[in-house]
Structure formats: structure tokens, C-alpha cells
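Every heavy atom of this structure was used, including side-chain atoms; hydrogens, water molecules and symmetry mates were not. So you know, we letter chains A, B, ... as the sequences are listed, proteins then strands, and number each from 1. Owing to the predicted nature of the structure, the values given are computational and were not obtained by experimental measurement.
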There are 2 protein chains.
Amino acid sequence: MATSQSSFLNGVPELLVLRLLRDREMYGYEIVQAIREASDEAIGFAEGVIYPLLHSLERDGALTTRRQTVNGRSRVYYRVTPVGAGRLAVLAEQWHDLHRTIAGILAEPRHA
Amino acid sequence: MATSQSSFLNGVPELLVLRLLRDREMYGYEIVQAIREASDEAIGFAEGVIYPLLHSLERDGALTTRRQTVNGRSRVYYRVTPVGAGRLAVLAEQWHDLHRTIAGILAEPRHA
DNA sequence: TTCGATACCTATTTCACCTAGGTATGATGC
DNA sequence: GCATCATACCTAGGTGAAATAGGTATCGAA
């Protein structure tokens, strides 16, 4: 009908992951903890959400990986590519637009 | 794992519908148009989203209905109950919390 | 009389996310 | 010596809100 198809609501895990990785490279397990801490326990995406997401972002060329073993444990570090940076910009913009729109509707006492 | 389960993102159609109905009673088709116009075409929930939602909100006691025929066409007007008002308050609060959390993560240059 | 707008409806599909497992290593405690 | 927890990776399968895609019927305009 009008503007819809790809639900504008989705992509928040993706948005947060890209945002965190924009500052510095991180590994999956670290990202899971970071989101939880950064959101003050409010948001807790499980590994089952983050790992598949990282894989698909890598497939899309938004992230590159680097493997490193630390203390006998293998870590996969992710880094944002220019493609990923562009994706982040788009998602952040969409998020802001959505919020502005909804905030407007929630606030307005008018509307004929 | 942590705070998650019922995807915090959902419920936006419900939030908007309840918000619109808080001001005045409206009928389904009218709500579909109102959301589109109020969002300046940015959000366009189809009838297939709104009607089932209205029905489930009525089942939950959040809305009451009144049927009226206008110009040979039957309209079903919906009105918010106290239960629905409470639900609206909860959803609005959740939405604000979520936005605050995400905005914080998007903004912060810090985070150890 | 064909078409679009109005006004209602629901069956089906999709897909993002959630759940719930699995493997393996290192450190801690008993 | 052995259980247990945190670390660190992984994926198969289920769920459910929303998206898609239909359907019925009336009215007005071209």
C-alpha cells in the first residue's frame, strides 16, 4: 500500500553492532556484553542474535574479520568497512526519522 | 539470557492506534489514513495490520466498539477503555525508555 | 459501467528475533 | 582429580508481529 515492506522497526541489533564497531574492532562475545552494559541491562541480545548478524554483515561486505587466539581461546575480531559505515549512517538516519515521527504523533494534541 | 524475550520493538502499531484513539473515537479505515497522514506518509500500516490489531485490542478489553452506518457504509467506531489507557501509558513509557537507551549508545564516544 | 474511494474482513507468508541447544578452553573451588 | 563457571565460538528450529495479498460490498464520478 504505502510506505512499508521492510519493517522499519527491525535492524536495531544491526544498528547497535555497527555503532559499537565504529569506535574500535571487537569480537562477538565482547559485543554481546557491551550492548548489555551500554544499555544498562535494558537490552540483552543473546549470542544467537549477534553471531548470525555478524556473519551476514560480513557476507554483505559491511565487516571484515581477523582471527586471534588469546589465552588459548579463539576470538574473531570484526571491523567496519566503508560499506558498513554507510549502512550505519542509513540505519541511524532511519532510526532518527522514525523516532521523530512517532514522537510527533505521541505529542500532538492537534490532528484534525 | 538477559532482558529480552518479547521483542521490545513490536507494538508500535498498537502504540499509535491507542494514541490516536485517546483523543477521540475513530473507525478502522479512518485510523489507517490518520496514521499515514500524521506521519507525513512515513508510516503506512495497511488495513491487514490495523484491523486484526483492533480486534485483539477489543478482545483484551482495551477498546469498545460502536457500529454506525454513514452514507450506506457501515463503520465500526473504537473507543479507548481505562484498560486501553493503561496499556497506552505502558507502551509509551517503554518506547521512551528504548529511545533513551539507544540514543545514549549512538551518541556516546566513550564506553571503555 | 467501469473505476476509484470508502469500509469492512481474514488467510497466508515472511523473516527478524528468540530459544535452546551444541563444542571447546581456561580458571576456580572442593 | 573433577565439577563448575566464565569465556568464546557456533547453528538449528520455533515464534509471532507485521507484511502481503487477497476477498466482499457500497457510493460517486468519469
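From one end of the helix from C:dT1-D:dA30 to C:dC30-D:dG1 to the other, with five pairs defining each end axis, the axis direction shifts by 0° (rounded to 10°).
Separating the CD atom of B:E14 from the P atom of D:dA17 is a distance of 9 Å, rounded to the nearest angstrom. In this entry the distance linking OH of A:Y27 with P of D:dA6 reads 15 Å, nearest Å. Distance B:Q33 CD to C:dG4 P: 16 Å, rounded to the nearest Å. In this entry the distance linking CD of A:E30 with C1' of D:dT7 reads 12 Å, nearest Å. Here C:dA16 presents its C1' atom at 15 Å from CD of A:Q94, a figure rounded to the nearest Å. As rounded to whole Å, 16 Å separates atom P of D:dA8 from atom CD1 of A:I50. For the pair B:N10 CG and D:dA19 C1', the computed distance is 13 Å after rounding to whole Å. Distance CG (A:L16) to P (C:dA16): 16 Å, rounded to an integer number of Å.
One finds a side-chain N or O of B:Y29 lying less than 4.0 angstrom from the OP1 or OP2 phosphate oxygen of C:dT6. Taking 4.0 angstrom as the limit, A:Y51 places none of its side-chain polar atoms (N or O) nearer than this to OP1 or OP2 of D:dC10.
Taking the side chain of A:P13 as heavy atoms from C-beta on, and the options C:dC17, D:dA18, D:dT11, the nearest nucleotide is C:dC17.
For A:Y51, the ring pair (Phe, Tyr, Trp, His ring centres under 6.0 Å) test picks out no residue, with sequence neighbours left out. Applying the side-chain hydrogen bond (donor to acceptor under 3.5 Å, both in side chains) criterion to A:H96, with sequence neighbours excluded, gives no partner residue. Under the side-chain contact (heavy atoms from CB on, under 4.5 Å) criterion, B:D60 pairs with no residue, sequence neighbours left out. Residues satisfying the salt bridge (charged side-chain N to carboxylate O under 4.0 Å, His left out) test with B:R73, not counting sequence neighbours, are none. Here B:R22 pairs with nothing under the salt bridge (charged side-chain N to carboxylate O under 4.0 Å, His left out) rule; sequence neighbours left out. Partners of A:T65 under the side-chain contact (heavy atoms from CB on, under 4.5 Å) rule, at least two apart in sequence or in another chain, are A:E58, A:V76, A:Y78.
Residue-level contact check: B:G48 touches the bases, meaning some heavy atom is under 4.0 Å from a base atom.
Non-hydrogen atoms lying under 4.0 Å from DNA chain C are contributed by B:H55, B:R73, B:S74, B:R75, all within residues 55-75 of chain B.
The salt bridge (charged side-chain N to carboxylate O under 4.0 Å, His left out) analysis of residues 77-93 of chain B, with sequence neighbours excluded, yields the pairs B:E14-B:R87, B:E25-B:R79.
Ring geometry for A:W95 against B:W95 counts as tilted: the plane angle lies between 30° and 60°, on a 0 to 90° scale.
With hydrogens and angles ignored, the 3.5 Å screen pairs no side-chain donor or acceptor of A:S74 with any backbone N or O of A:T69.
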